[in-house]
Amino acid sequence: MTEDLQITSITKEEKYKEIIPQIKALVEGELDLIANLANVTAALKQTFDFFWVGFYMVKNDELVLGPFQGPIACTRIKKGKGVCGHVFETKKTALVPDVDAFPGHIACSSLSKSEIVVPLLRNNEVLAVLDVDSDLLNDFDEIDELNLTALCAWLSDRF
Ligand code: SME
């Protein structure tokens, strides 16, 4: 296993290109899901310095907080509630440039300003969602969407 992440790029797009193969290498040798998801959140936090990055896991038809990096967060989110619950319900990625403009957004931290939530799917069922929050408005775009969606699709096969 690589002991340290190697990130030399400046742009977000290049950082994703560098980090995703390293994340895959890190996860491929380990079967424990929680260990793997914990390392994925740490790698993303270390690379992009996201304000908050973590997984919510589907348990008994609601979302339960899983491995994350950042300030403490809401433990449970019901289907349809907030951005995460919306993604759980719709099974589609949500890119939210201004969380205050999203009806029903759940403010785990008042510092969070924009957010992207990506579902992890298998057989069209949501297994978990990846939630990434920024303390800046409009901080996520199609580069994040493309790369995080590809990463989550790959991770779904490891559940
Ligand atoms: N803002 C999310 C809740 C999770 S926290 O941001 C970590 C939502 O509206 O679903």
Side-chain angles (χ1 to χ4, degrees), residues 5 7 12-13 15-16 19-20 22-23 26-27 32-159:
L5 299 174
I7 300 299
K12 182 163 72 172
E13 195 164 16
K15 282 183 178 179
Y16 276 115
I19 193 64
I20 287 182
Q22 293 180 64
I23 289 177
L26 199 57
V27 166
D32 189 275
L33 179 63
I34 297 302
N36 282 333
L37 298 183
N39 256 343
V40 171
T41 63
L44 292 173
K45 173 82 173 166
Q46 198 181 323
T47 305
F48 298 102
D49 198 23
F50 291 135
F51 175 70
W52 195 93
V53 50
F55 293 93
Y56 279 92
M57 320 292 285
V58 174
K59 292 184 183 171
N60 297 325
D61 210 37
E62 69 176 343
L63 295 170
V64 182
L65 185 63
F68 73 96
Q69 299 264 317
I72 58 164
C74 324
T75 312
R76 289 175 188 269
I77 298 175
K78 293 207 182 301
K79 194 184 256 183
K81 298 288 176 198
V83 185
C84 292
H86 172 75
V87 168
F88 182 18
E89 191 166 63
T90 60
K91 306 178 183 178
K92 288 189 172 47
T93 294
L95 230 166
V96 182
D98 177 358
V99 295
D100 290 334
F102 187 96
H105 167 257
I106 299 165
C108 293
S109 166
S110 59
L111 296 174
S112 178
K113 300 289 181 227
S114 60
E115 180 165 8
I116 182 169
V117 181
V118 181
L120 282 79
L121 298 159
R122 181 185 294 152
N123 300 329
N124 205 35
E125 290 299 314
V126 181
L127 304 168
V129 302
L130 172 66
D131 181 13
V132 188
D133 289 28
S134 172
D135 55 2
L136 302 173
L137 279 170
N138 203 14
D139 206 19
F140 301 105
D141 57 23
E142 57 286 350
I143 295 171
D144 301 288
E145 183 170 357
L146 194 78
N147 285 284
L148 295 175
T149 300
L151 177 63
C152 287
W154 185 84
L155 279 173
S156 300
D157 290 337
R158 268 134 204 99
F159 267 59

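One is the number of the first residue; the rest follow in order along the sequence. Basis for what follows: all heavy atoms, side chains included, without hydrogens, waters or symmetry-related copies. Indexing begins at 1, ligand by ligand and atom by atom, following the structure's order. Since this is a predicted model, take the numbers as computed values, not measurements.
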Q: Decide if the gap between the ring center of Y16 and the ring center of F48 is smaller than 6.0 angstrom.
A: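 Between Y16 and F48, the centre distance is under 6.0 Å.
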Q.
For the backbone of A153 and the side chain of R122, can you confirm whether one donor and one acceptor N or O come within less than 3.5 Å of each other?
A.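 No: the side chain of R122 does not pair with the backbone of A153.
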Q: Inspect the contact between K12 and D144 and indicate whether a charged nitrogen and a carboxylate oxygen are less than 4.0 angstrom apart.
A: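 Judged by the 4.0 Å cut-off on N to carboxylate O distance, D144 and K12 do form a salt bridge.
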Q.
Can you tell whether the side chains of K79 and D61 come within less than 4.0 Å, N to carboxylate O?
A.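 D61 and K79: salt-bridged.
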Q: Classify the angle between the aromatic ring planes of H86 and F102 as parallel (below 30°), tilted (30 to 60°) or perpendicular (above 60°).
A: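 Plane angle over 60°, so perpendicular.
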(Q) Strictly by side chain to side chain donor-acceptor pair (under 3.5 Å), give each pair with a member in residues 145-159 just once, sequence neighbours left out. (A)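 Counting only pairs at least two positions apart or across chains, no side chain to side chain donor-acceptor pair (under 3.5 Å) contact touches residues 145-159.
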Q.
Just to be sure I understand the cut-off, which residues have at least one non-hydrogen atom under 4.0 angstrom from an atom of ligand 1?
A.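 Only W52, Y56, A73, I77, G82, V83, C84, H105, I106, C108, E115, D131, D133 have heavy atoms that fall under 4.0 Å of ligand 1, ordered by chain and number.
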